[in-house]
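All residue numbers in this chain count up from 1 along the given sequence.
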Amino acid sequence: MAAEALELIGRLVAPGINELLKKAGDVLTKDIEKELRELQNVAFPRLKAMIQTEQMTDDENKILFELIKEFENVKCEIEDAGDKIEYERLKQQSMGKVIKILTKAASRIFLSLNMSSTLKKLQDNVSSINNFYTQHSGRASNSAEDAAPMITVSDIPPLQAVFGRDTDIENIVNSLTEATEDTFKIVTIIGCGGVGKTELAKHICHHSRINVDLKLWVFFPRKLFEAVERDRITKELKGLREQLLRSVRGKRFLLVFDGIWYDETKSTLVKSQDVWISLCEPLLEGNQGSMLLITSRMEIVSQSFRGIGVKAIRRNEELIGCISGEPKPFYLKGLGRQDCLRTFNKHAFDVDNPDQTPPDSDAIANEIVTEVINNLEGIPLAAREAGVELRNMDNPQDRRRIKSKIIFEATRKSLMWSYRMLPQELQPCIRHLSLYPKGFKFDRTFLVLSWLAAGVITQKEGSINELEDVGHDCFNKLVMKRKILCVEVNNLGRYEEEISQLKKLRTLYLTCNSSDSSSVHSVDHDVLKAILKKTKRLRALRLAYCSISKLPDSIGRSKHLRFLDLSNSSFNELPKSVCSAYYLWYLDLNNCKLNTVPKNLNKLTKLRYLVSDGATLSKIPHIGRLTLLRELKEFHVKKEKGHDLGQLKDMDHLQGALHIINLEAVGNAQDAGEAMLRRKTRLEEFVSEWSSTATVVPPNQVLDGLQPHDDIISLTVKGYAGDEIPCWMTEQNSKLKTLELHNCPSWGSLPALGNIYTHLKKLNGILPLPSSLQHLVLHDSCIDDSTLANYLTNLTALSRLELSKCSSITSLPSAEVLGLLAKLEVLQVMDCQLLTSLGGILALPLLHEFNISLCPALVVVPPNDVDANQQGNAADDATLALCLNNLTSLSCLKLSRCSHITSLPSLEVFGSLVKLKVLQVMDCLLLTSLGGILALPFLQEFNISGINLQGNAVAV
């Protein structure tokens with residue numbers, strides 16, 4: 001119960017009380033607000049310290065837990081009441097009424113009327129916690145006065161056997177002992193709890209190459225870094241500093257700092273470089289070649305000591321030494337399976353050879369070994385504890401009885417060690433993941449918004465970041481740390497009564513009974529309706545991949561609903577009640593085949609993410625009222641009211657990609673400027689598309705007004721019939737990496753792109769081209785052979801070339817031109833109807849992938865090596881063979897609709913393609929032989945289709 005109480009205090013000390021004061025500050029009396037602040041700043045931190053130092057009995061811990069749990073329940077009730085006020089404000093706003101309820105006085109009256117009983121519970125609960133603290137605070141202060149020092153200094157502790165760490169030990173010893181001019185070296189060992197950092201440090205201390213005069217072990221308990229009394233911390237570190245100064249002066253030493261901890265929500269000790277500089281200053285009294293070894297779960301600890309390295313240590317303005325400039329971190333990973341087995345066997349069977357389970361061990365022991373090792377996650381401490389527990393059970397019946405317990409405990413401890421090493425604010429995020437089935441695939445935005453809706457993400461006091469940014473930051477931290485109520489839909493009816501009784505339920509995820517997230521299962525409409533009718537406090541509802549013909553109207557009636565996922569479900573009409581979920585942040589309609597969309601969907605003004613296809617988005621009128629939207633995959637311009645470009649004017653939170661379609665429907669030139677794209681600075685990709693040449697406004701006037709911000713990364717123009725380049729495309733942009741121009745027949749040239757777009761990596765477009773270009777796409781272009789050659793002359797960095805629907809090209813450039821493309825690895829030629837020659841393709845020795853398709857006129861002009869008397873298909877076969885003969889780097893070859901080829905190359909030619917792994921041959925109608933395909937020893941994938949082979953098709 002102590003652990004549970006600690007966890008609740010951690011959630012409530014800062015973020016919880018801050019949220020409570022923010023929600024209900026207008027109705028709280030000064031006395032209760034003062035008591036809440038005392039809880040936050042005094043009582044909770046001191047009670048936490050008492051729990052950690054085991055100064056309370058189990059019964060007292062249980063009483064405290066119940067008090068804090070009740071406090072959390074009352075806090076949730078107040079939050080819900082605050083939601084109702086905001087809901088009413090949003091409702092009146094959506095109806096265009098005068099919003100009188102917004103006044104502070106009205107809010108106070110409304111809250112007071114609706115929360116009188118809740119406020120009384122809050123008053124009683126806060127008083128009870130403070131009384132509990134008052135009764136026990138004397139014990140806490142007396143214990144603090146008389147407590148022994150938390151930091152302990154000793155000789156090196158005794159060794160225990162370790163397995164699989166020889167390489168780690170040698171690497172760290174090498175780093176510690178390498179010759180430098182530094183006074184001493186710093187090395188940090190970083191790893192999760194139980195992975196063996198402390199034991200590894202012991203073995204390093206006993207290594208034969210560690211030749212020092214003094215070895216000291218300093219243990220830093222976690223409670224030191226979370227201590228409430230700052231004076232106590234200062235006293236502890238001052239005492240350690242004095243002891244170190246006496247011990248190391250004039251000696252070459254190895255010092256171990258074991259267990260340095262950091263929790264960014266509570267402890268500032270690790271971040272304070274002055275503290276560590278002061279503590280380490282006495283170490284400079286030691287002799288050159290001294291060493292400091294640090295163990296910690298937190299990477300930031302290594303970074304904190306790195307900060308010391310850039311500062312010289314001075315005394316009375318005199319330089320007395322310097323610390324290693326770059327403390328080296330070693331990241332300790334879990335053990336491999338065999339080393340886990342050795343550790344387990346050593347402690348379970350006490351054998352001399354722990355490489356395998358003793359042959360005389362019983363079947364139950366062997367089964368436990370297998371299951372435990374598979375669930376240990378490489379944690380040696382878990383392996384050791386599981387082994388000791390098995391060793392204490394000599395009787396096979398006892399082993400059989402506790403088999404499941406040992407396996408469960410080993411797995412649970414392994415996971416809990418990883419969980420507990422996380423900062424406090426990340427732990428609720430991990431607990432939230434238990435709502436999802438095994439194998440569920442997460443989308444970053446989906447997960448972050450579900451955290452926000454469930455209330456597991458809170459803002460620190462004084463933070464200027466948006467709550468959503470805090471969520472993304474938590475996601476990134478979990479990715480860096482490598483960590484990244486669920487009801488089965490099939491059994492929903494069975495759980496109806498139980499779920500309906502959960503009056504305070506905030507999160508309900510309905511999911512199919514399968515790890516395959518694409519499975520679809522039926523949901524009973526009446527059962528779902530009954531559940532939603534009784535769970536009125538829902539904040540997050542997921543009903544994805546479910547077969548249901550009609551959604552109940554109650555699905556949007558919750559005044560607290562923030563997150564609604566209806567993706568991949570079979571209904572075809574969205575209830576109008578969804579438009580009343582004014583608090584909604586996230587609405588997922590992806591892959592929902594909706595016939596219509598409620599016209600009032602634009603009243604969900606808090607909506608940040610509307611996940612859907614372009615067809616559904618195009619049905620929403622006045623979508624510009626959703627000014628908080630972060631994503632809008634497509635915007636379809638229509639001549640109807642509420643679908644003009646001016647809808648985009650105030651949507652300045654848009655990020656990622658924006659695709660505007662049907663620009664031919666723009667009614668006047670001013671509309672384009674009304675979109676205000678320059679203000680949308682978080683956009684990275686912008687696509688403008690004309691679907692028809694029948695325009696009302698000249699295309700150049702429209703494109704002129706659609707100027708994105710200066711740091712856009714990707715720009716695409718499709719179907720543009722204008723002959724003028726917009727002025728903003730001639731302005732400097734150092735961020736643009738991709739420029740695509742599709743079906744822009746009237747554009748003949750662009751200014752010097754290399755001077756304008758200095759980081760351009762991919763272009764589908766026109767001359768002149770920057771030499772930095774790596775990816776060139778020419779699609780639906782009318783350029784001829786000479787223009788293509790001019791295109792490529794200066795592109796020495798080009799790695800990928802794609803030619804598609806280039807109707808005027810008859811031949812690839814000569815060997816002289818292609819020989820300049822020294823980095824070209826991928827060449828694709830598709831649907832070039834007049835292409836007859838592959839030109840100087842032999843000059844591309846680094847070509848890895850060659851894909852040619854839909855080139856029916858490819859009757860190749862034979863190179864000099866080809867017999868000029870050969871005619872028709874024979875010439876094609878021979879020329880193909882010669883084209884491939886020197887492409888020794890080719891790894892992928894695709895031939896599609898090459899109508900004149902009758903045979904693949906011979907054994908001799910294919911034998912030279914030593915790196916070819918993929919071969920695709922499709923719709924080559926005259927092909928009758930696979931030639932020497934057996935000479936491709938490294939071929940991994942061979943696809944052939946649309947071909948009628950006859951007789952002996954393979955050369956032997």
- Message: For K529, I'd like to know if atom NZ has over 12 heavy atoms of other residues, nucleotides or ligands within 6.0 Å.
- Response: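 Count not over threshold, so no.
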- Mark yes when over 12 heavy atoms from residues, nucleotides or ligands other than K599 sit less than 6.0 Å from its NZ; otherwise mark no.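 Counting other residues, nucleotides and ligands, NZ of K599 stays at 12 neighbours or fewer.
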Under 4.5 Å between any side-chain heavy atoms of [X] and [Y], yes or no?
X: N602; Y: I623; answer: no
X: H560; Y: R562; answer: yes
X: L587; Y: L607; answer: yes
X: L564; Y: D588; answer: no
X: L663; Y: P699; answer: no
X: R678; Y: D710; answer: yes
X: E664; Y: S691; answer: yes
X: V697; Y: T695; answer: no

Looking at [X] and [Y], would you say the former's side chain and the latter's main chain have a donor-acceptor pair under 3.5 Å?
X: S558; Y: L538; answer: yes
X: S570; Y: I548; answer: yes
X: Q647; Y: G624; answer: yes
X: T616; Y: S612; answer: no
X: N662; Y: A665; answer: no
X: K680; Y: A675; answer: yes
X: W728; Y: L703; answer: yes
X: S569; Y: L543; answer: yes

Show the nearest heavy-atom pair for residues [X] and [Y], with the distance to one decimal.
X: H636; Y: S618; result: CG-CB, 3.6 Å
X: L683; Y: I712; result: O-CD1, 3.6 Å
X: N568; Y: C592; result: N-SG, 4.0 Å
X: P621; Y: K619; result: CD-O, 3.2 Å
X: F635; Y: D644; result: CZ-O, 3.2 Å
X: D553; Y: P575; result: OD1-CB, 3.9 Å

Would you give the length of the straight line joining atom [atom1] of [X] to atom [atom2] of [Y], rounded to the nearest 0.5 angstrom?
X: L626; Y: L632; atom1: CG; atom2: CG; value: 9.0 Å
X: F571; Y: L594; atom1: CZ; atom2: CG; value: 5.5 Å
X: K638; Y: L645; atom1: NZ; atom2: CG; value: 13.5 Å
X: L566; Y: L541; atom1: CG; atom2: CG; value: 7.0 Å
X: E634; Y: L658; atom1: CD; atom2: CG; value: 10.0 Å

- Residues in side chain to side chain donor-acceptor pair (under 3.5 Å) contact with Q670, at least two apart in sequence or another chain: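 Once residues adjacent in sequence are excluded, Q670 has no partner under the side chain to side chain donor-acceptor pair (under 3.5 Å) criterion.
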- Message: Looking only at side-chain N and O atoms, does Q655 offer a donor or acceptor that is under 3.5 Å from a partner on H653?
- Response: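 Absent: no donor and acceptor within the cut-off.
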- Query: Judged by modelled atom types alone, do T627 and D650 share a side-chain donor-acceptor pair under 3.5 Å?
  - Reply: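 Short answer, no.
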- Item | Ring center gap for Y720 and W690 short of 6.0 angstrom |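 Under 6.0 Å, so yes.
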- R630 NZ/CZ over Y609 ring centroid, <6.0 Å and within 45° of normal: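 No, a cation-pi geometry is absent between R630 and Y609.
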